[in-house]
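Only one structure is covered here, and it is reproduced in the block below.
Letters go in sequence order (proteins before strands), and every chain restarts at 1.
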Amino acid sequence: MTELLKISLPDGSVREMEPGSTPGDVAAAIGPGLAKAAIAARVDGELRDINRPFEGDAELALVTNRDEEDALELARHDFAHVLAEAVQSLYPGTQITFGPATDDGFYYDVKAPADREPFSMDDLPDIEEEMRRIIKADKPLRREVWSRQQLIDKWEAEGEVFKAEWAKELPENEELTVYWSGEDWLDMCRGPHLASTGKLDPQAFKLTRVAGAYWRGDQNNPQLTRIYGTGWLNKKQLNAHLTRLEEAAKRDHRKLGREMDLFHLQEEAHGSVFWHPKGYRIWRELEAYMRRKMDKAGYREIKTPQLMDVRQWEQSGHWGKYAENMFAVPDMVPEVEELGDGPANPSVATDADWMAIKPMNCPAHVLVFKQGITSYRDLPIRLGEMGCCHRNEPHGALHGLMRVRQFTQDDAHIFCTEDQVVEEVKAFIELADQVYRDFGFTYDVKLALRPEKRFGSDEDWDKAEQELRDAVAVSDMQGEGDGKLEELPGEGAFYAPKLEWHLTDAIGRTWQVGTIQGDRVLPDRLDASYVGEDGEKHRPVMLHRAIFGSYERFIGILIEHFAGRLPVWLAPVQAVVATIVSDADDYAKEAVAKLEAAGIRVESDLRNEKINYKVREHSHAKVPHLLVVGNREAEEGTVAIRTLGEKEQRVMSLDEAIAMLKAEATPPDLREG
RNA sequence: GCUGCUGUAGCUCAGUGGUAGAGCGCACCCUUGGUAAGGGUGAGGCCGGGAGUUCAAUCCUCCCCAGCAGCACCA
């Protein structure tokens, strides 16, 4: 007789099970309720099929829909399989490739048969219907171990060239598995899966879009059709998610930017922003705020040239790596052909010298540092610049304010000795923490490590990476997310590892904004040095850093985070004084004058319109405070304040109102206490 | 840059092989009304750009440009 398996459960109890039994059997042994609810299992911590037999003694935790993270992951992965099966069932000859779960659902990359157009949005309803049919058929999902050769033979026999290619690269020594859906369809998959398609809720998913995607993510490979879906455990969750998407769409900074008259974009300067008075007001407030923070933190602001000789960029290494994304201009007086009013067509001399518009500020800052002779006594030197840069981004990458071709960074470079690095990084971490908290953001910090293509010695990279870790360890960060420093191998810049700050906005999306990078490459390439205590020349370490990242992007994030309802200190118009009747015009003008004198950005609305109309219009314009005045207020020297987002009005004296607005309009760094 | 979709009034969008329409906004008139749309009148468009098919193109075809959704990229 074979020995029984000892299965330990989370409550500490141990059950003895026959060899060959499964987590499902354990659930059944515990009780019928659990047997029904259990959808998968964690066996020794690994998420597994409910019906996959134990291989020995094990620790078991049964997974039910209450373990939402696991349950969602399983369901989404299953939805992806059902999607692939549905597509092949409807359109024989379709090749399948790969289809994982995503943050909110799943996708599957497929290649339409040669005799058919790629799949489009119009195909989605049919595919959804077929998916529902497969779910309702409640097909068992059965795991089976295959050899690599079996897999290759199967895919080659069926003309699945992508799958075959993939199978050939699978490791020899690992257990390879397929999952059957019923008896007529299977996919190569590591699993785990639910026990059958019927465990999915047919009302809990929706196919959302189709898009192109490259085979294995490489743009040199064939392009496939990626079919996206969102998938959940039940219809309620799905609807909640669809509502969230609508919310996000309402917050879109491109839409709000137009509605609030902040900025616009147009073809003739695509990827560059036309800031309108109200939008630029936000910019100016941010810039003034950042200048105060940097001045106090010991930075000195500079301004460097927009155009530099291309040779300078060759020396820094940027030309070699990023030339195609840089704007170059010939350094010459153009000979304009005699075309009268015809199209502009200046000819460029073939021997022209080329200049490039700066895509970044670093080399120029090194050049400032290199002027004169620097002593170790002068270090650290912190050079800041509101640096306007241009990058010729791939056109498909442009996106409102978030990805533009012209942007301004709150940039600075800190030149310091080896010994000062950790301290300087720590100071920066704490500065960034203050700034993000002033805007009400929470954030995560990540460490991007050395990329494959890089400059500099491994020794220097070891040092630079460790310095950043050390600085995080000793820093006081109050706004930090989960407290863990996530490391991202291969994601660093070609000259330095990066700490990255990822903000989380009001609806849970994350955005990378701030960074600090410990660079030993550029100082070397551009021959920057200081004189040490020993009288010898030494290389300084150069820390690249930014907190907003770019003004454009940061403003875009702020707009979406606050859904346009910016804090009073940032609001382009902080208050509007609106009259109910024209008899109150003089009093309204007096109120506006007093508010202006108190430094409030205020406008008056004396138009011959009903108060309802004015309330509606200024609410849409996201003006924080509407000060309503009629005959009553004019007589009593009061205002009726209606605050954005509130239904009730508050009546107070004009002086009280001014004091309140003044307090709210004070930037966070200038508030007392 | 790649795939798909889109481009008509300031904005949001209808529409047709015979050179266009709505709502909002804007201007003017009436209305002075107490907290999210008072009424009337009017102006406003080379239907993204170029080429082709056609007696005739905003509409069909091709090329370009830009935007959108992904992908790839992001110093």
- Message: For G217(A) and K647(A), find the nucleotide of RNA chain B closest to each by heavy atoms; which residue's nucleotide sits nearer the 5' end?
- Response: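 Taking each residue's closest nucleotide, the earlier one in sequence belongs to K647(A).
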- Query: Where each residue is assigned the nucleotide of RNA chain B containing its nearest heavy atom, which of F494(A) and F119(A) is assigned the position nearer the 5′ end?
  - Reply: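 Result: F119(A).
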Which one is paired to [N], where only Watson-Crick or G-U wobble pairs with both distances under 3.5 angstrom count?
N      : answer
A37(B) : none
A56(B) : none
G70(B) : C2(B)
G42(B) : C26(B)
A9(B)  : none
A14(B) : none
A75(B) : none
C62(B) : G50(B)

What's the [atom1]-[atom2] distance between [X] and [N], to the nearest Å?
X       : N      : atom1 : atom2 : value
N392(A) : A66(B) : CG    : P     : 10 Å
H270(A) : G49(B) : NE2   : P     : 18 Å
R405(A) : G67(B) : CZ    : C1'   : 14 Å
I580(A) : G38(B) : CD1   : P     : 15 Å
Y587(A) : U32(B) : OH    : C1'   : 19 Å
Q219(A) : G1(B)  : CD    : C1'   : 6 Å
N221(A) : U3(B)  : CG    : P     : 15 Å
I611(A) : U32(B) : CD1   : P     : 16 Å

- Message: For Y228(A), does the six-membered ring have the charged nitrogen or CZ of R209(A) within the cation-pi criterion, i.e. under 6.0 angstrom from the centroid and within 45° of the normal?
- Response: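 Output yes; distance and angle both within limits.
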Does [X] have a side-chain nitrogen or oxygen under 4.0 Å from the phosphate oxygens OP1 or OP2 of [N]?
X       : N      : value
H318(A) : A75(B) : no
H544(A) : A75(B) : no
H399(A) : G67(B) : no

Starting the side chain at C-beta, find the nucleotide from [options] nearest to [X].
X       : options                : value
E633(A) : C71(B), G34(B), A37(B) : G34(B)
Y228(A) : G33(B), U3(B), C71(B)  : C71(B)
M326(A) : G38(B), A75(B), A72(B) : A75(B)
A640(A) : A75(B), G33(B), U35(B) : U35(B)
R258(A) : U32(B), A72(B), U12(B) : U12(B)
A493(A) : A75(B), U12(B), C26(B) : A75(B)
Y214(A) : A36(B), C26(B), C2(B)  : C2(B)
V628(A) : G34(B), G38(B), A75(B) : G34(B)
P394(A) : A66(B), A72(B), A75(B) : A72(B)
H620(A) : A36(B), G33(B), A66(B) : A36(B)

- Sticking with atom C1', work out how far C73(B) lies from A36(B), rounded to a whole angstrom.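 Pairwise C1' distance, C73(B) against A36(B), rounds to 45 Å.
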Students often get this wrong, so: under 4.0 angstrom with heavy atoms, is [X] touching a base, only sugar-phosphate, or nothing?
X       : answer
N631(A) : base
L398(A) : sugar-phosphate
D583(A) : nothing

- Message: Can you tell me if E648(A) has over 12 outside heavy atoms packed within less than 6.0 Å of its CD?
- Response: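 No, because the 6.0 Å sphere around CD of E648(A) holds 12 heavy atoms or fewer from other groups.
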- Query: How many angstroms lie between CD1 in I580(A) and CD1 in I611(A), if you round to the nearest 0.5 Å?
  - Reply: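 Answer rounded to 0.5 Å: 5.0 Å.
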- Message: Are H544(A) and Y495(A) an aromatic pair, judged by ring center distance below 6.0 Å?
- Response: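 For Y495(A) and H544(A), the ring centres are under 6.0 Å apart.
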- Task: Answer yes if the ring centres of H241(A) and F205(A) are under 6.0 angstrom apart, and no otherwise.
- Result: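 Not under 6.0 Å, so no.
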Once hydrogens and angles are ignored, does a donor-acceptor distance under 3.5 Å link the base of [N] to the side chain of [X]?
X       : N      : answer
R642(A) : A36(B) : yes
R616(A) : A37(B) : yes
R403(A) : C74(B) : yes
R553(A) : C74(B) : no
Q223(A) : C2(B)  : yes

- By centroid distance (under 5.5 Å) and plane angle (under 30°), are Y613(A) and A36(B) in a stacked arrangement?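 Per 5.5 Å and 30° rule: no stacking.
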- Message: Determine whether E486(A) and K446(A) satisfy the following criterion, salt bridge (Lys or Arg N to Asp or Glu O under 4.0 Å), listing intermediate values before the conclusion.
- Response: CA-CA 5 Å; E486(A) 189 187 342; K446(A) 299 184 182 180; 3.5 Å; yes
- Just checking, is any N or O donor in the side chain of E165(A) or W215(A) under 3.5 Å from an acceptor N or O on the other one?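 The criterion, which ignores hydrogens and geometry beyond distance, is satisfied for W215(A) and E165(A).
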